[in-house]
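Please read all numbers here as calculations on a predicted model, not as lab measurements. Residue numbers begin at 1 in each chain, while the letters A, B, ... track the order of the sequences.
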Protein chains: 2
Amino acid sequence: MTNTPRNRTGSRIKSVEIAFTVLDAVRKNDRPSVTELADELGHSKSTIHNHLRTLENEEIIVRETNGYRLSLQVLDMANDVRDQVANYDVIVDAVDELADETGEIAQFGLEEHGQVSYLYKAKGNQAVETASRVGGKQPMYSTSLGKSILSFLPSSRQEEIVTEAAFERKTPKTITDPARLYEELEEIAERGYAIDDEENIEGLRCVAAPVRSGTSVVGAVSVSGPASRITDDYLHGELAESVQRAANVIELNTKFS
Amino acid sequence: MTNTPRNRTGSRIKSVEIAFTVLDAVRKNDRPSVTELADELGHSKSTIHNHLRTLENEEIIVRETNGYRLSLQVLDMANDVRDQVANYDVIVDAVDELADETGEIAQFGLEEHGQVSYLYKAKGNQAVETASRVGGKQPMYSTSLGKSILSFLPSSRQEEIVTEAAFERKTPKTITDPARLYEELEEIAERGYAIDDEENIEGLRCVAAPVRSGTSVVGAVSVSGPASRITDDYLHGELAESVQRAANVIELNTKFS
DNA sequence: AAATCTGTTCTCCAGAGGCGAACCCTGTTC
DNA sequence: GAACAGGGTTCGCCTCTGGAGAACAGATTT
């Protein structure tokens with residue numbers, strides 16, 4: 001739908017891909033039925049049926065009278081994800097405190113498949129609602145989290161991501177020129193924090209600082225608030241300091257495995 | 001490993017099953033590598049490699065320098081699960097309040113694949129730690145949640161579950177005789193709540209009440225606490241009332257779709 | 001009871017996918 | 001710096017899988 005899933009090199013397993021297409025459809029439709037899915041996905045009923053049978057057997061989906069839905073096993077899997085990310089608890093504490101301190105939205109994100117994925121989100125007492133949700137993804141080039149991570153990534157990976165990026169214009173201020181991005185990344189690397197001045201969502205300004213472990217970036221922390229409240233001075237001054245402090249706290253409390 | 005996944009009727013898709021085996025191994029091992037997984041799962045390296053490639057392409061797993069791990073997309077999927085369960089917010093509120101009121105652990109669970117799965121868990125201020133976690137599963141016959149759900153299920157489904165149950169003795173008090181279970185289920189149906197008197201975990205007593213929507217059970221709410229604190233009177237009196245009230249609150253606030 | 005929905009089962013054949021070996025690449029050891 | 005060892009990746013073969021479509025079976029509707 002959006003952009004074609006680039007195929008690095010050969011051989012993905014077709015039936016597994018179909019299975020995940022089915023799973024995706026079950027995620028997004030409300031309790032779909034066999035025929036519904038068959039129509040939507042353009043496969044025969046028998047094919048869909050077999051896949052649903054298989055997924056049900058794996059206890060990933062559940063059959064209810066009115067159709068299929070995801071099973072709660074997915075929640076259990078989510079627990080495992082959090083367990084697998086190094087120092088999840090430390091991150092939670094630091095982000096909570098940052099949200100508390102600033103009153104805005106504080107988040108932690110990390111790079112996956114060339115995008116930022118949100119791992120944790122905390123709301124301060126005057127925080128505005130944002131569309132972002134835990135597990136969601138955003139482009140690297142239009143978010144403060146993304147840019148701060150990008151600027152500290154090894155240059156090979158950095159280029160790879162930039163090259164493959166879509167550079168979709170999300171707001172009038174979105175950076176759409178790679179050259180322009182590289183410039184900013186250098187700047188960020190120097191001063192230690194990145195900003196997003198309504199580049200991803202109109203009316204929203206953010207600051208982010210990278211979290212490093214040894215030589216590599218493991219993610220970044222950010223604060224986001226409405227442009228009306230977040231002045232230039234505040235953004236580059238107190239807020240920038242706060243996120244950097246939070247990033248530091250995480251770094252210091254990180255136990256290497 | 002535990003009990004063989006009974007095959008209802010034919011044709012599950014083999015490669016999809018393998019894919020989920022791989023996924024499971026990635027869940028449980030800490031950043032496994034190709035060869036590691038190949039050894040563990042008894043498949044050739046190339047097979048595993050293809051599966052990992054596919055799963056990575058689906059952005060379900062992520063490759064890091066030291067091995068593969070689950071991706072944060074799983075967290076996003078978990079959001080969808082919660083969205084798909086009717087009235088998640090209502091449940092959260094009711095369970096939170098129940099935990100608050102009693103000071104113990106309060107939970108909401110529902111039946112999936114013949115077991116209880118925990119959807120939400122709240123801790124009261126004097127709550128003991130229990131092993132259960134959101135997304136986890138427990139037998140129907142040894143938990144108050146399970147029994148309360150079971151007793152209000154249509155008798156066909158009830159029998160089906162009981163017949164297929166393993167009746168593993170989890171503690172000395174676990175019910176392992178179907179006849180005994182049926183007796184208790186009738187009792188539960190009459191009085192409207194179920195108890196678990198150290199039948200699932202030693203030292204832990206629980207009360208649960210079913211949550212119904214129209215004619216069918218959609219799940220159950222429970223409170224769990226240490227046997228030392230939960231006397232018979234308290235269990236069958238105040239606590240039983242509390243869980244029933246909480247169940248009722250959920251029922252009343254349920255918007256039918 | 002005919003019609004029209006479902007979901008399920010059956011059969012058939014192209015081609016997919018699992019295996020094993022060969023290959024490559026990175027880091028290590030003399 | 002050559003040889004080795006450890007991974008990951010690729011290749012080609014052959015079998016048997018899995019997808020399509022039609023036929024079948026329930027459930028509801030007309």
Side-chain angles (χ1 to χ4, degrees), chain A residues 5-26 29-58 60-69 113 154-157 160 214-216, chain B residues 5-26 29-58 60-69 113 154 156-157 160 215-216:
Chain A
R6 72 221 176 299
N7 33 339
R8 293 185 176 288
T9 12
S11 57
R12 251 132 289 112
I13 295 160
K14 211 176 194 176
S15 44
V16 175
E17 291 190 321
I18 296 177
F20 277 96
T21 314
V22 173
L23 191 59
D24 246 51
V26 173
N29 301 21
D30 184 56
R31 275 157 238 240
S33 66
V34 178
T35 17
E36 223 171 305
L37 291 168
D39 289 349
E40 181 177 334
L41 305 177
H43 287 279
S44 70
K45 275 199 295 176
S46 57
T47 302
I48 298 294
H49 181 251
N50 284 340
H51 276 282
L52 288 171
R53 183 66 66 77
T54 310
L55 292 172
E56 194 190 358
N57 213 62
E58 294 297 325
I60 283 291
I61 64 174
V62 181
R63 183 183 184 166
E64 296 193 335
T65 36
N66 29 354
Y68 290 89
R69 65 161 174 82
H113 304 288
S155 60
S156 61
R157 181 84 188 112
E160 200 178 352
T215 62
S216 59
Chain B
R6 75 225 174 291
N7 33 339
R8 294 183 176 287
T9 11
S11 59
R12 253 130 288 112
I13 295 161
K14 212 177 194 179
S15 44
V16 175
E17 291 191 321
I18 296 176
F20 278 95
T21 314
V22 172
L23 191 57
D24 246 50
V26 172
N29 300 21
D30 184 56
R31 275 155 237 241
S33 66
V34 177
T35 18
E36 223 170 306
L37 291 168
D39 289 350
E40 182 177 334
L41 304 176
H43 288 279
S44 69
K45 273 199 297 176
S46 53
T47 301
I48 298 295
H49 180 251
N50 284 340
H51 276 282
L52 289 171
R53 181 68 64 78
T54 309
L55 292 172
E56 193 190 358
N57 213 62
E58 295 297 326
I60 283 290
I61 63 172
V62 180
R63 182 182 186 168
E64 296 192 336
T65 37
N66 28 356
Y68 290 88
R69 64 161 174 83
H113 305 288
S156 59
R157 180 86 186 110
E160 200 177 353
T215 63
S216 58

Respond yes when some side-chain nitrogen or oxygen of [X] is under 4.0 Å from OP1 or OP2 of [N], and no when none is.
X	N	value
B/R53	D/dT10	yes
A/S33	C/dG7	yes
A/R63	C/dG7	no
B/H51	C/dG17	no

As an exercise, state the distance from [atom1] of [X] to [atom2] of [Y], rounded to the nearest 0.5 Å.
X	Y	atom1	atom2	result
A/D30	A/N66	CG	CG	8.0 Å
A/E160	A/S155	CD	OG	11.0 Å
A/E64	B/S216	CD	OG	9.5 Å
B/L23	B/T54	CG	OG1	12.0 Å

Could I get a table of every N or O pair under 3.5 Å where one atom is in the protein and the other is in nucleotides 25-28 of chain D?
none

Can you figure out which of D/dG8, C/dG7, D/dG19 approaches the side chain of A/I18 most closely?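 Taking heavy atoms from C-beta onward, the closest nucleotide is D/dG19.
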Starting the side chain at C-beta, find the nucleotide from D/dG18, C/dG17, C/dT8 nearest to A/H49.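 Of the candidates, C/dT8 comes closest.
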Identify, residue by residue, the members of residues 38-47 of chain B with a heavy atom below 4.0 Å from DNA chain C, and return them in order of residue number, or none.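 B/H43, B/S44, B/S46, B/T47 - these, ordered by number, are the residues of the stretch whose heavy atoms sit under 4.0 Å from the strand.
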How do B/V34 and B/S15 order along DNA chain D: which one's closest nucleotide is nearer the 5' end?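 The answer here is B/V34.
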How close or far is atom C1' of D/dG19 from atom CD of A/E17, stated in whole angstroms?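 Taking CD of A/E17 and C1' of D/dG19, I get 15 Å after rounding.
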Nearest-Å distance for atom pair CG/P, residues A/L55 and D/dG18: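 Distance check: A/L55 CG to D/dG18 P gives 13 Å.
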Terminal axes of the helix from C/dA1-D/dT30 to C/dC24-D/dG7 (five pairs each): angle between them, nearest 10 degrees: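 Both end axes considered, the difference amounts to 40°.
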Might you work through the side-chain contact (heavy atoms from CB on, under 4.5 Å) test for B/V34 and B/Y68, ending with a clear yes or no? CA-CA 9 Å; B/V34 177; B/Y68 290 88; 4.3 Å; yes
Side-chain donor/acceptor of A/H113 to backbone N/O of B/I61, under 3.5 Å: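 Checking the backbone N and O of B/I61 against the side chain of A/H113, a donor-acceptor pair under 3.5 Å is found.
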